[in-house]
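For reference, the structure discussed in these notes is given below.
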Amino acid sequence: MNEENLCLAQAMVGMKLDDKAESPRKTVVSKVQEKIFRRTRSLNAPSPIQQFGPCGRIMKNSAMVMTIQDPASQRLTWYKPPLTVLVIKKVRDAAVLQPFVQLVTWLIEEKRMVVFVEQAVLEEASLQASADFCTLRDRLMTFRDGKDDLTDKIDFIICLGGDGTLLYASQLFQQSVPPVMAFHLGSLGFLTPFEFDNFQEQVTNVLEGHAALTLRSRLRCMIMRKNDGNNVSVGVGKAALNSPIKPPSTFLVLNEVVIDRGPSPYLSNIDLFLDGKHITSVQGDGLIVSTPTGSTAYAVAAGASMIHPNVPAIMVTPICPHSLSFRPIVVPAGVELKISVSPDSRNTSWVSFDGRNRQELFHGDSLRVTTSVYPVPSICAQDQISDWFDSLAECLHWNVRKRQKHLDELSDLTHSGSNDTLDSLDHADQLDS
């Protein structure tokens, strides 16, 4: 099969042929499907040809058996109607109070859904003083962060606020995450694409399964403590072998894990390993390991590139490195990174996970980071491409610049060309005079 036929075959994958006459009035589903089918190229790179010349080819093995779905075709579907919804509200923000009451009232009375909210939200003084909310208070299900397990209890998540509400949803679910619909009621709103004005129509479309999804990858981070028995080596004493092994602390992060020097005045001295191979030692203020979603957060402030969330990758960005040649790098999503304090480091390091659970890394401790199998299914307002570039333009003002004037608008350059020299311009001025 030549390259032209191969591209045509790949473009036809996923297309649905229908011989029936088209209805004069298109439904919402047909409009959505029509929008999907306009895309003839996958967001993933095309599968490479596995034969090179007349004799060379890639050796087949079991590791090659893998199916990758085109991110543009990832759409939400419910195999049973969602009954429970978790509403996450930005705390201590008066601007979110009225939208929160409107949404909860509509979900309970119109959609007959069981609504979960955090107990701390009900304890806010501004909400307790709301007369409209008093009648709903007893009809809500509550939970406490860190004490109640929400696994398998929530079908759907709605966030009201800024990007922090989506990060909080990720932190609540350290395994499988329900679909998340985020409304922009905060400061920045890079991860919150929905406007609250017509929330009834938008939520109804999502509950009926008419929505695109962006699977935002997360990082699985494990802290291996020197004295926990996880790093037992050959030749240790019987007492160490008989000591109980504590499970490593595990965190799933949506944005980034940050390793820094903390309050110490000395440079961080951190060893970085990739799949067991020593890559480099970081000497500076610290290191950021981020997801593509986190590439527009702390990493971009430290000089990293911005990566679309559908790109399978892990970003490694130094923080103020004491080296002019230490540039941020992007590594494949399937590798495992090991980060540890160098043996000759003057100080320890500190690590935080999406800005939370900050703790100290001592000599002999290590941090293992790899891509988690549990992404955050973020619901798109439009699609995976439009939402991201709209956020770049509206939130970060990406490539905003005053337009360069046309040559006709510059009176002093109207008679000059790109090949004119100063002598020729002087000669022309003398002729004009």
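Only this structure's heavy atoms are used, side chains among them; waters, hydrogens and symmetry mates stay out.
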Quick check: does any side chain N or O of [X] sit under 3.5 Å from a backbone N or O of [Y], one acting as donor and the other as acceptor?
X	Y	result
Ser295	Ile307	yes
Thr192	Asp163	no
Gln171	Phe353	no
Ser372	Leu252	no
Asp155	Thr84	yes
Asp387	Ala381	yes
Gln359	Asn357	yes
Asp383	Ile385	yes
Asp260	Asp285	no
Asp354	Val253	no

For [X], does the [atom1] atom sit with more than 12 other heavy atoms under 6.0 Å from it, leaving out its own atoms?
X	atom1	result
Tyr298	OH	no
Glu123	CD	yes
His322	NE2	no
Arg327	CZ	no
Asp152	CG	no

Assess the side chains of Ser290 and Glu256: does a donor N or O sit below 3.5 Å from an acceptor N or O? no
Will you find, in the side chains of Asp148 and Gln119, an N or O donor that is under 3.5 Å from an N or O acceptor? no
Measure the shortest side-chain to side-chain distance between [X] and [Y] over non-hydrogen atoms and say whether it is less than 4.5 angstrom.
X	Y	result
Cys221	Val369	yes
Cys159	Tyr168	no
Pro99	Leu185	yes
Leu160	Thr165	no
Glu110	Gln200	no
Leu140	Ile108	yes
Trp106	Lys111	yes
Ser170	Val177	no

From [atom1] ([X]) to [atom2] ([Y]), nearest 0.5 Å:
X	Y	atom1	atom2	value
Gln175	Thr250	CD	OG1	10.5 Å
Arg75	Ile379	CZ	CD1	11.0 Å
Ile319	Phe326	CD1	CZ	10.5 Å
Leu191	Arg216	CG	CZ	5.0 Å
Leu83	Met113	CG	CE	6.5 Å
Ser391	Leu188	OG	CG	8.5 Å

Return the set of residues passing salt bridge (charged side-chain N to carboxylate O under 4.0 Å, His left out) with Asp93 (not counting sequence neighbours), or none when no residue passes. Lys90
Taking every non-hydrogen atom, the tightest pair across [X] and [Y]:
X	Y	result
Pro248	Ile223	CB-O, 3.3 Å
Met315	Ser305	CE-O, 3.3 Å
Arg137	Leu122	NH1-O, 3.2 Å
Gly286	Ile270	CA-CD1, 4.4 Å
Val289	Leu219	O-CD1, 3.5 Å

Angle class for the [X]/[Y] ring planes (parallel below 30°, perpendicular above 60°, tilted otherwise)?
X	Y	answer
Phe100	Phe133	tilted
Phe183	Phe194	tilted
Trp398	Phe389	tilted

Side-chain donor-acceptor distances from residues 335-347 under 3.5 Å, at least two apart:
unit_1, atom_1, unit_2, atom_2, d
Ser342, OG, Asn269, O, 3.1
Ser342, OG, Asn269, OD1, 3.0
Ser342, OG, Asp271, OD1, 2.7
Ser342, OG, Asp271, OD2, 3.3
Ser345, OG, Asn347, N, 3.3
Ser345, OG, Asn347, O, 2.8
Ser345, OG, Asn347, OD1, 3.3
Asn347, ND2, Ser264, OG, 3.1

Go through the structure and list residues passing ring-ring contact (aromatic ring centres under 6.0 Å, His included) with Phe143, not counting sequence neighbours. none
Go through Tyr374 and Gln174 one step at a time and tell me if the side-chain contact (heavy atoms from CB on, under 4.5 Å) criterion holds. CA-CA 8 Å; Tyr374 299 107; Gln174 289 292 289; over 6 Å; no
